[in-house]
Visitor: 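Encoded as structure tokens, here's the structure I'll be asking about.
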Number of protein chains: 2
Amino acid sequence: MMRGKLAVTIKEVARLAGCSMKTVSRVVNDEPHVKPELRERVLDAITELGYVPNISARQLVQKKSYVICILLHSSGSFQSTVISKVLDLGYEGNYEILVQTYYPSFSRSRDKIAALIQQKRIDGLVTTPPCDSDPFLIDLIKKSGIAHVHIAPLQPTGGTPYVSAEDFTGAYQMTEHLIHHGHRRIGLLMGLRNHRSSLDRLFGYKAAIETHSISFDVKYLVDSENNFPGGYNAARMLMGLPEPPTAIFALSDEAAAGALYALNELKIDVPGQVSLAAFGDITHSNEIWPGISVVKYPLEQIVDKSVCLLIELVEGRQPKERQIIFPTRIIHRGSILSPRNQIPFNTEGKT
Amino acid sequence: MMRGKLAVTIKEVARLAGCSMKTVSRVVNDEPHVKPELRERVLDAITELGYVPNISARQLVQKKSYVICILLHSSGSFQSTVISKVLDLGYEGNYEILVQTYYPSFSRSRDKIAALIQQKRIDGLVTTPPCDSDPFLIDLIKKSGIAHVHIAPLQPTGGTPYVSAEDFTGAYQMTEHLIHHGHRRIGLLMGLRNHRSSLDRLFGYKAAIETHSISFDVKYLVDSENNFPGGYNAARMLMGLPEPPTAIFALSDEAAAGALYALNELKIDVPGQVSLAAFGDITHSNEIWPGISVVKYPLEQIVDKSVCLLIELVEGRQPKERQIIFPTRIIHRGSILSPRNQIPFNTEGKT
DNA sequence: ATTAAAATTGACAACGTTGTCAAACATATT
DNA sequence: AATATGTTTGACAACGTTGTCAATTTTAAT
């Protein structure tokens, strides 16, 4: 097309600076072995001509794409957080970050990733749950020998580097916190069971319950989805029990938002009548419901670290740590009260 | 590194099939002028060797990256929708889609985009508001001659293709709809004024008001941000007026969600005491608040169309239409009632 | 002053593909 | 049968960069 202006190449810079192409290449790539004086002259020629290196040519000879990929499943608050963090990271370094959805066991999805890898369009990839639950994908990645980092993997990774957080401990501590306030009936809004994190959080809850000699009652465990309607329905269900819980612990903050909405609708005050706690990733949540005490899930740090780790691997360096687990911490915002102070409520007339 | 397996090249395929590299190239690219018999033989050789073309080499000779870029500003429901649509589109065609944030007037942001363009890492880009409000960027794109499509541009684009929606008409119709129900005091939760869409929606509202001889009252126009807290605050403000509106029209559904939350908190029933309408993009909203009547903003179609349009431009075809404006339509969900049926409320004791 | 070592520079090939153009072959037309 | 037309094929040169390795210059060591 009429792209008129033909690109300036390294050859023309070399001619203007009166040196070889290789020397220009050395200057561009900050390699040693160029005398300061000549380097200066080359730099001048570069600015004068407005030279910009052609990445395709570099890719061809170096067999590198300078693109890394992050695989996500569908959309949601988890994914949004990952994406916005990843987009911020896009400013750093020389790598472009390609965001790609991956639906386990969906053939077009598989073909797409296979093509990305085999065509050498990406140098490495980060997988997020539940993408890593697809053995086909894992196998494909392993066979290709491409750099790979897991985020919160479902299964043991067999030596592949991963980044995760202390889900068990976080859930344990929050549950214990509720127990210390005197709660005995604690409803748990459980996420999908094909996430390692969900399972670990459940185990943490159970462990805390049992440590404090409270018998585990399945009635208070609701398998909801990690989203608003999931939490909404689950909370209504829990509050409709003959002996409703005095506290609800939602394993995602979207579910917590749904639960809060349901409680509002039922005219049940938080924390006056029921305490509410959440396990959360989103940062803006405090704008929405200022009061929810939460186990902070360090998702942004996880994404950041996993991308850094991946780039280290891509560049052939030996990362110091290959398995990184970030701590979680509880943020107190006052949605938890002792049940003895809570005002009782009745739910007749509502389902 | 130990990437062992050296890639299969077109040369080896040619040798196995007993033909020239060029013929293999023709087969791979579905070009004509290859006899069926030979084509078959080449195809067999390709599968036998597991040949996959090297994109870098193709990029180099064709001076094309097969990557297109979409620029977004920050995050939010608009951006989430765009991203998830774009990720779905990633399955189609031969192009990879690079999502990039762009903060107008932020120098690192500018450098990044300039590098992407000059290094020929992208073949074209789609801009979303308010990215296109940065004259530097527009100038950069124009000078580079790279393919470009606007989404909902703030300014006239001077011939550059764009895709948008009938914001004016949508707002006009919804406002008229409210007026036909008998509303005279209609609160408007206005978005940021550096979006073309926000302005057009405001104009549509005003036009409808004036057409029906209602005098425009600035009291009922609240400059809120297009998000949950913005809508929350704005709604509380409106309902605190001496003569509160009988209907609220939120120009984004996040603001509408915030407004609804505020109304719930104030124990004001929707639509019993106040009608609520929204201008919206998100599709899942009906799960959250089944009842909000909404002007559907066809964002997914817009994104889809703009990417298709961009690819047409990149490939040098002449698109039939270069300015595309999608219609909006009203979805009735029952959050609107005539004010004469509305139960009055009082707000003392609350701010 | 001489030699050894190190730093600097450049010529040239390679990377894997596609574009160009001419050669070889097949078919249709006179 | 001879010519014109069209279809199929391949040789070879790009594309713009970096890696290799040898040539040259400079510096250090004797």
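Numbered from 1 within each chain, the chains take letters A, B, ... in sequence-line order.
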Visitor: Once rounded to the nearest 0.5 Å, what's the spacing between atom CG of B:L309 and atom CZ of B:R322?
Guide: 8.0 Å
Visitor: Run the numbers on B:Y103 and B:H73 for ring pair (Phe, Tyr, Trp, His ring centres under 6.0 Å), then give the verdict.
Guide: CA-CA 6 Å; B:Y103 301 104; B:H73 176 79; 5.4 Å; yes
Visitor: Let's see if you can work this out: which of C:dG10, D:dT17, D:dG10 has an atom nearest to the side-chain heavy atoms of A:R26?
Guide: C:dG10
Visitor: Can you tell me how far P of D:dT17 sits from CG of A:N94, to the nearest Å?
Guide: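 Those two atoms, CG and P, are 16 Å apart.
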Visitor: Can you find a side-chain donor-acceptor pair between A:Y162 and A:D132 that sits under 3.5 Å?
Guide: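 Judged by distance alone, the side chains do not pair up.
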Visitor: If you compare every side-chain N and O of B:T23 against the phosphate oxygens of D:dG10 (OP1, OP2), does one of them come in below 4.0 Å?
Guide: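 For B:T23, the contact criterion (side-chain N or O under 4.0 Å from OP1 or OP2 of D:dG10) is met.
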Visitor: Going through the checks in order, is the salt bridge (Lys or Arg N to Asp or Glu O under 4.0 Å) test met by A:K35 and A:E37?
Guide: CA-CA 5 Å; A:K35 269 198 186 154; A:E37 181 200 308; over 6 Å; no
Visitor: What is the separation between atom CD1 on B:I10 and atom P on C:dC15, rounded to the nearest whole Å?
Guide: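 After rounding, the reported distance stands at 14 Å.
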Visitor: C:dT17 phosphate, OP1 or OP2: any side-chain N/O from B:Y51 under 4.0 angstrom?
Guide: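 Result: yes.
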Visitor: For the helix from C:dA1-D:dT30 to C:dT30-D:dA1, measure the angle between the helix axis at one end and the axis at the other, each built from five pairs, rounding to 10°.
Guide: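 One end axis against the other gives 40°.
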Visitor: Between B:M21 and A:L60, who's closer to the 5' end of DNA chain D by nearest nucleotide?
Guide: B:M21
Visitor: Looking at DNA chain C, which of residues 28-43 of chain A put a heavy atom within less than 4.0 Å of it?
Guide: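 Hits under 4.0 Å, by residue number: A:H33, A:V34, A:K35, A:L38.
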Visitor: Rounded to whole Å, please give me the gap between CD in B:Q59 and C1' in C:dG16.
Guide: 12 Å
Visitor: Does B:K63 place a side-chain N or O at less than 4.0 Å from the phosphate oxygens OP1/OP2 of D:dG16?
Guide: yes
Visitor: With sequence neighbours excluded, give me every ring-ring contact (aromatic ring centres under 6.0 Å, His included) pair touching residues 20-72 of chain A.
Guide: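 Matches after skipping sequence neighbours: A:Y66-A:Y95.
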Visitor: OG/A:S109 to CG/A:L137 distance, rounded to the nearest 0.5 angstrom?
Guide: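 Between A:S109 OG and A:L137 CG, I get 8.5 Å after rounding to 0.5 Å.
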Visitor: Does A:R15 CZ have over 12 foreign heavy atoms under 6.0 Å away?
Guide: no
Visitor: Could you state the atom-to-atom distance from CZ of A:R58 to C1' of C:dA14 in whole Å?
Guide: 17 Å
Visitor: Taking OP1 and OP2 of D:dG16, is either one under 4.0 Å from a side-chain nitrogen or oxygen of A:T9?
Guide: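 It does not, given that no N or O in the side chain of A:T9 lies less than 4.0 Å from OP1 or OP2 of D:dG16.
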Visitor: Between B:Q62 (CD) and D:dG16 (P), how many Å, whole number?
Guide: 14 Å
Visitor: When you get a sec, tell me which of C:dT17, D:dG10, D:dT18 is the closest nucleotide to the side chain of A:S25?
Guide: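 Selected nucleotide (nearest to the side chain): D:dT18.
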Visitor: Nearest to the side chain of A:K22 - D:dT17, C:dT18, C:dG10?
Guide: C:dG10
Visitor: Round to a whole Å and report the spacing from CD1 of B:I55 to C1' of C:dT18.
Guide: 13 Å
Visitor: Report the residue from B:T23, B:V28, B:N29 that forms a side-chain contact (heavy atoms from CB on, under 4.5 Å) with B:S25.
Guide: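 The single option meeting the side-chain contact (heavy atoms from CB on, under 4.5 Å) with B:S25 is B:N29.
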Visitor: How about B:K64: does its NZ atom have over 12 heavy atoms from other parts shown lying under 6.0 Å from it?
Guide: yes
Visitor: With the side chain of B:N54 defined as its heavy atoms from C-beta on, choose the nearest nucleotide among C:dT9, C:dT17, C:dT18.
Guide: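 The answer is C:dT17, which lies nearest to the side chain.
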Visitor: From OH of B:Y66 over to P of C:dT17, roughly how many Å is that when rounded to an integer?
Guide: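 To the nearest whole Å, that distance equals 14 Å.
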Visitor: If you measure from the Lys or Arg side-chain nitrogens to the Asp or Glu carboxylate oxygens, is any gap between B:E96 and A:K112 under 4.0 Å?
Guide: yes
